[in-house]
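Down below is the structure, laid out as structure tokens.
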Amino acid sequence: MPTVANLYRAFVTVLGGAALIFLAFPWASHNPLSYACYLALSLVFCGARLSFPPSTRALPLFKVFVLLGVLEYSLPETLLLGCLGTLAHAVTQGKTRGAILNAFNLAITITICHAAFHSRALQESHIEYTLGVFLTAALFFAIDTFAVAAVLSVTDLESPLVNWRETYGGALPLYLTGSVLAGLMNLLTLKVGWQTGLLVVPVFYLAYRLGLEYLSRAQGSRGQSDAMAALHLRTIEALATAIEAKDRAAPNHLRRVQVYALAVGKELGLSVLELEALRSAALLHDIGKLAVPDHIVSKPGKLTREEFEKMKIHPIVGAEILERVGFPYPVTPIIRHHHEKWNGAGYPDGLKGEDIPIGARILAAVDCLDALASDRQYRRADALEDAMRKVAADSGTSFDPRVVEVLKRRCQELEELATEQMEEGTRLGTHVQLERPQALSSGLEGTQSASSPATWLTSIASASQEAQTLFEIAQDLGNSLSLNETLSTLAQRLKRIIPYDTIVIFVPGQDVLGPQYVSGDQF
């Protein structure tokens, strides 16, 4: 141990030993019975500690009795109570090394605080009793903790202030709480009797332990709830990743839409539940495309009327799928209505203006901006500024003007934020090599009409069957079959996805169409 540490320890030992020898020698007690009871109670609670979670700081409960001794008992009585409590506490905690030095240090603290509280200057200043107790507790805290920090600093050769802040920073409220208990016991002793005051610490400690138990259980329940919420979110993200993997034309599309949408939602003052709903909906808004055949989702160009009718079912199917999840916040309205337009020309329900859920309005504008500023196989990405101008041009017709205003003002900032939050983010408005095309979010050849799909399970099953059937037809057509065999196979395959009673396949020839293959109940 460094020489300065040995010198400091020797100084504390000599000074504390002198306090014990010279001040405790003239022993006297004005009420031995009450003192004996308090001393016994302090030894019973010598292993108990007072703390306020989640802080790790703690005050040994026997020091509450030391503070009571400073207020009520003579200096020799308080010194004995403090030293015995220190040694008993060290034994119960299994930290006997340095216990003697701690006892001497506490003896110095008790001597100074006792002298300060009972000094003539304090009595003549007419300071309120409560304030005097708090000032004494603060002095007790300062001397008691800083002395220990000084021992650690001379041992570790570090700054005493640094050691004090790391070891005891934030512990003052514990000492003030202890002073409240000590002051209450002292007042009860003076007004009612020491027997009543004796009950304060056991009752308080029992209530304190019950409170800690309740807090522990509450934190455990909250921990389980947080774990379930995290699991819920990871499940959503995994599902969203699977959806995004099916359509690889827009890398990180869902994640970027989520970052933009949440930022816009926060600025527009959405509630916590609305933001959580938007967080999930941004990831899952395309889940209904599971019910749309791949050749439509991946078509590199405008959709026909029939194809667009099939595409229009995806928000309904997505909402029906997620309705069964039972989200604790309104996700399904956002999913169902994220293709509605501000002027009422959208689908599936033709809502307009404020009737469209705010989350759906945000998602619609953000999704369109991302689509315009991302590469597609059939066109290159617009620069972010150009994409934003196109979105702004539809403000008040397709999109909520408030949402567009936020996007217009913050699009560059939000793109920086989105890029930072993605490990391999691709900036909007930059070009990337695509593996597959992405369907247009709009582009019907002709007018739009409402579509009413069957159950979502049937829709998904039909989409999968249709894709598989088309794949098999393509394989069959590649084989060296005769025309009649080819048409017969085609008719059988088509019946899986287009049920019919009769089929006639016409082949052009001599400027007229002639029936080449006929099959059905009528033939």
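These numbers come from a predicted model, not from an experiment. Along the sequence shown, residues carry numbers from 1.
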Any heavy-atom pair between the side chains of [Y] and [X] that's under 4.5 Å?
| X | Y | value |
| --- | --- | --- |
| V264 | L278 | no |
| P348 | H339 | no |
| L414 | V259 | no |

Determine the minimum heavy-atom distance between [X] and [Y], stating which atoms define it.
| X | Y | result |
| --- | --- | --- |
| L273 | Y329 | O-CB, 3.4 Å |
| A360 | P333 | CB-O, 4.4 Å |
| A281 | I334 | CB-CG2, 3.5 Å |
| G265 | I362 | CA-CD1, 3.8 Å |
| L363 | A282 | CD1-CA, 4.0 Å |
| G318 | I287 | CA-CG2, 3.6 Å |

Would you list the atom pairs, donor with acceptor, under 3.5 Å between side chains in residues 388-399 and any protein atom, with sequence neighbours excluded?
residue	atom	partner	partner atom	Å
R389	NH2	D386	OD1	2.0
K390	NZ	D382	OD2	2.8
T397	OG1	D394	O	2.9

Could you give the distance from [atom1] ([X]) to [atom2] ([Y]), rounded to the nearest 0.5 Å?
| X | Y | atom1 | atom2 | value |
| --- | --- | --- | --- | --- |
| I316 | H337 | CD1 | NE2 | 9.5 Å |
| L283 | R279 | CG | CZ | 9.0 Å |
| I313 | Y347 | CD1 | OH | 10.5 Å |
| T304 | K310 | OG1 | NZ | 9.0 Å |
| L490 | I505 | CG | CD1 | 5.0 Å |
| L351 | W342 | CG | CH2 | 12.0 Å |

Tell me if the CD atom of E385 is crowded by more than 12 foreign heavy atoms within 6.0 Å. yes
Count the heavy atoms belonging to other residues, nucleotides or ligands that lie under 6.0 Å from NZ of K495, then report whether that count exceeds 12. yes
Between V406 and R402, is a side-chain contact (heavy atoms from CB on, under 4.5 Å) present by the stated rule, with each step listed? CA-CA 6 Å; V406 175; R402 290 195 306 154; 5.9 Å; no
All pairs passing ring pair (Phe, Tyr, Trp, His ring centres under 6.0 Å) where residues 262-288 contributes a residue, at least two apart: H253-H285, H285-H338
According to salt bridge (charged side-chain N to carboxylate O under 4.0 Å, His left out), does anything in residues 258-268 pair up with another residue at least two apart or in another chain? List the pairs. E267-R409, E267-R410
Worked verdict on S280 versus E276 for side chain to side chain donor-acceptor pair (under 3.5 Å): CA-CA 6 Å; S280 299; E276 288 302 315; 5.7 Å; no
Evaluate the side-chain contact (heavy atoms from CB on, under 4.5 Å) criterion for residues D370 and Y260: first the C-alpha distance (whole Å), next the side-chain angles of each, then the deciding distance (0.1 Å), finally the verdict. CA-CA 9 Å; D370 180 81; Y260 271 60; over 6 Å; no
Which residues pass the salt bridge (charged side-chain N to carboxylate O under 4.0 Å, His left out) test with R361, sequence neighbours left out? E354, D400
Which residues share a salt bridge (charged side-chain N to carboxylate O under 4.0 Å, His left out) with E307, sequence neighbours left out: K299
Applying side-chain contact (heavy atoms from CB on, under 4.5 Å) to T92 and not counting sequence neighbours gives C46, H89
If we ignore hydrogens and angles and just use 3.5 Å, is the side chain of Y500 paired with the main-chain N or O of A491 as donor and acceptor? yes
Kindly say whether I356 contributes a backbone atom to a donor-acceptor pair with the side chain of E340 at under 3.5 angstrom? no
